[in-house]
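These numbers were taken from a predicted model, which means no experiment stands behind them.
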Amino acid sequence: MLRALSGLTTRGRCLLAAGVAAAACSFVLNERDLLRVAVFVIALPLLVAFFISATRLRLGAARSLRPERVSVGSPGEVQLELWRDGRLPAGEVLLEDGVPYALGSRPRFVVERLPHDRRVALRYPLQPVLRGIQQVGPLRATITDPFGLCEFERELIGHSRLVVVPKVAGLWGLPSGAGIGAGDDGSIRLHAGQGESDVIVRQYRQGDDLRKVHWRSTARRDEIMVRVEERPWRGGTTVLLDHRAAAHHGTGPAASLEWAVSFAASVSLHLRRSGHRVRLITEHGQTLADTPGEGGEHYDNVVLDVLAALQPAHQRDITLGHDPAEGQELIAVLGTVSNESVHELSRYRPRGIRSLAVLLDTPGWSSGVNRPENRAAATEESVALLRAAGWGVVVAGPGSPMPQVWAELCQTATRRGTLIGGGL
C-alpha cells in the first residue's frame, strides 16, 4: 500500500489532504453531505494510485538497433516495441530512451491508449558523430493518469551496445613497387645472404659456423662478424597509428586523432581489399589487428571494431626498441613527433624497405588553418628529419581530403623510389 501511495503527485497528495480535512470538518460540524464529499475526495487518489501501480507491472518492451555497427556520419535507427499483458487498461505512458550526446538527441514518446491485443511500434533515428562503443538506454516509462494524480516510473529495458566505427574514405591506386604495388600476395620470403643491404650480423661466438662469416662487416669492424640465421620476411604492409594524446590537437569529432584513426582505417581496408596482408599497430609496436589479404568482410570488421574502441594513449614519446614493422613495408600515421621519436622510428628500419609517413600538422587542428605557409616549425623539422632518414612524407592538415593525401603518398613513394632492395 505504501508503495502504491509513493506514486502520488503533488496534486494527488493535496487532494488526499483536502479529503482528510473535509472528513474532520464533517465530524466537527456533523455534516453528512460534507462527509460524503470527503470520502469521494479521499478515495479518488487512492483508487488511481492502486490502478496505475497495477498497470505498470503489466508493461513490456523490446529494443533493436538497425544496424548494430554504424560508421561515423551514417544514419542508424532504433526500433522499439511496447505492449501490455492482461486486459487491465493502461493510462498515459511517457517513454524516454537514454541516448548519448554523440548519437543525437534524446527521444520521447507519449502513448495515450496502449492496446492489449497488439504491440505498438516506435522508432527514432541515430546520427553518430563520434566513434566509440556507445550504450543506448535505459528505456524508462512514466505512467500517469488523466487527472495527473499519480505517476510511476519503471525501467523497461537496460542498455544496448552500439559500435560506432570510424568513417572510411574510398581510396584509389597503390604505391608502385614490391609489396604493395607489384602484386605481392603477402607470402613468406627469405632475406638472407652475403651482399644483402639489410643483412643482420652479430659478433662471432664459439661454435658458430665459419661459413656464415660476413666478411664485409668483419673487415669494416676489425672483428669476426657472422650472419644471423635466415629470417622469414613476412610480406604485406604494416600500418602504424600514433594515438598518443600529447601528439594530437582538437576535441570531439574535429580532433586530429579522429582524422588519423579514420585515415588508418581507410588505408588498412583499402590494402586488404586489394589482396594484401595488413598489420595494424600502435606507435609502441602493439598489434591491434593482423588481417590476411583474403577473406570476407569479417576482417574489415575486426579492424573497424578495434579502432572504434581505441582510446588515446598517455605516453609522451614514442619508444620502440625494435623495427615496428618487423621487416614489412611501413605506412605511419603520425601526430606531433619530437626529434627523439623520429630517431626511434628510423633507427631500427632496415635499409631498402619502404617507409612512408603521413605527418599531421596538428597545431592546424587547433587554429583551423590548413596552409603550408602557416605550418608549425616543429612540423617542418620533423618532415626534414624523416626525409633525411629515407622516408616518404606527406603532410596533412585539417580538412585534407583523405583520397588526395593517399594519392600524394603513392606519388611520393614512386618518386623517391623507396623499393625493396632499391636505393633511396
Side-chain angles (χ1 to χ4, degrees), residues 166-186 189 233-242 256 259-281 289 291-294 300 303 307 324-325 327-335 337 342 345-346 349-361 370 372 375 379-380 382-424:
K167 185 177 181 179
V168 176
L171 305 179
W172 295 272
L174 294 169
S176 63
I180 297 181
D184 178 48
D185 59 356
R189 294 185 289 176
W233 184 87
R234 298 189 176 186
T237 305
T238 295
V239 179
L240 183 148
L241 174 61
D242 181 7
S256 61
W259 193 98
V261 170
S262 183
F263 185 77
S266 302
V267 171
S268 299
L269 267 60
H270 174 64
L271 294 177
R272 200 204 69 80
R273 292 169 182 173
S274 299
H276 306 290
R277 180 190 177 198
V278 178
R279 179 169 167 260
L280 179 64
I281 65 173
T291 61
E294 54 190 19
D300 291 350
V303 174
L307 291 177
Q328 291 183 342
E329 295 175 325
L330 176 64
I331 298 177
V333 186
L334 304 173
V337 289
V342 173
L345 286 168
S346 304
R349 292 291 293 155
R351 303 294 293 180
I353 303 297
R354 178 159 57 195
S355 301
L356 303 174
V358 175
L359 185 62
L360 274 61
D361 183 26
N370 185 24
R375 287 177 185 162
T379 302
E380 296 295 341
S382 298
V383 170
L385 290 174
L386 285 169
R387 286 176 177 169
W391 289 57
V393 184
V394 173
V395 179
S400 296
M402 295 184 188
Q404 179 180 341
V405 174
W406 174 250
E408 293 178 4
L409 196 66
C410 295
Q411 294 173 3
T412 300
T414 304
R415 184 169 57 250
R416 295 184 65 88
T418 52
L419 306 176
I420 295 179
L424 298 176

Do the non-hydrogen side-chain atoms of [X] and [Y] ever get within less than 4.5 Å of each other?
X: H276; Y: L174; answer: yes
X: V383; Y: V395; answer: yes
X: W259; Y: V358; answer: yes
X: I331; Y: T238; answer: no

Closest heavy-atom pair and its distance - [X], [Y]:
X: V303; Y: A289; result: CG2-CB, 4.1 Å
X: G335; Y: L359; result: O-CD1, 3.2 Å
X: P324; Y: L330; result: CG-CD2, 4.2 Å
X: W406; Y: G173; result: NE1-O, 3.0 Å
X: W391; Y: L356; result: CZ3-O, 3.6 Å
X: V278; Y: S268; result: CG2-O, 3.7 Å

Hey, is the main chain of V337 close enough, under 3.5 Å, to the side chain of S382 for a donor-acceptor pair?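 Yes; at least one donor-acceptor contact below 3.5 Å.
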When you look at R272 and R277, which way does the side-chain contact (heavy atoms from CB on, under 4.5 Å) test go after all the steps? CA-CA 6 Å; R272 200 204 69 80; R277 180 190 177 198; over 6 Å; no
Looking at the rings of H270 and W172, which for Trp means the six-membered one, are their centres under 6.0 Å apart?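 No, too far apart.
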Which is it for R273 and D300 under the side-chain contact (heavy atoms from CB on, under 4.5 Å) test, yes or no, and what are the steps along the way? CA-CA 9 Å; R273 292 169 182 173; D300 291 350; 2.9 Å; yes
Rounded to the nearest 0.5 Å, what separation is found between the [atom1] atom of [X] and the [atom2] atom of [Y]?
X: S266; Y: L271; atom1: OG; atom2: CG; answer: 10.5 Å
X: Q404; Y: L409; atom1: CD; atom2: CG; answer: 12.5 Å
X: L385; Y: L345; atom1: CG; atom2: CG; answer: 11.5 Å
X: E329; Y: T237; atom1: CD; atom2: OG1; answer: 5.5 Å

Please step through side-chain hydrogen bond (donor to acceptor under 3.5 Å, both in side chains) for the pair R349 and S355, ending with a clear verdict. CA-CA 8 Å; R349 292 291 293 155; S355 301; 2.9 Å; yes
Do you know which of V342, V393, L241, L386 makes side chain to side chain contact (heavy atoms under 4.5 Å, CB included) with L334?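 Single side chain to side chain contact (heavy atoms under 4.5 Å, CB included) partner of L334 among V342, V393, L241, L386: L386.
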Can you list the steps and then say if V333 with L240 is a side-chain contact (heavy atoms from CB on, under 4.5 Å)? CA-CA 6 Å; V333 186; L240 183 148; over 6 Å; no
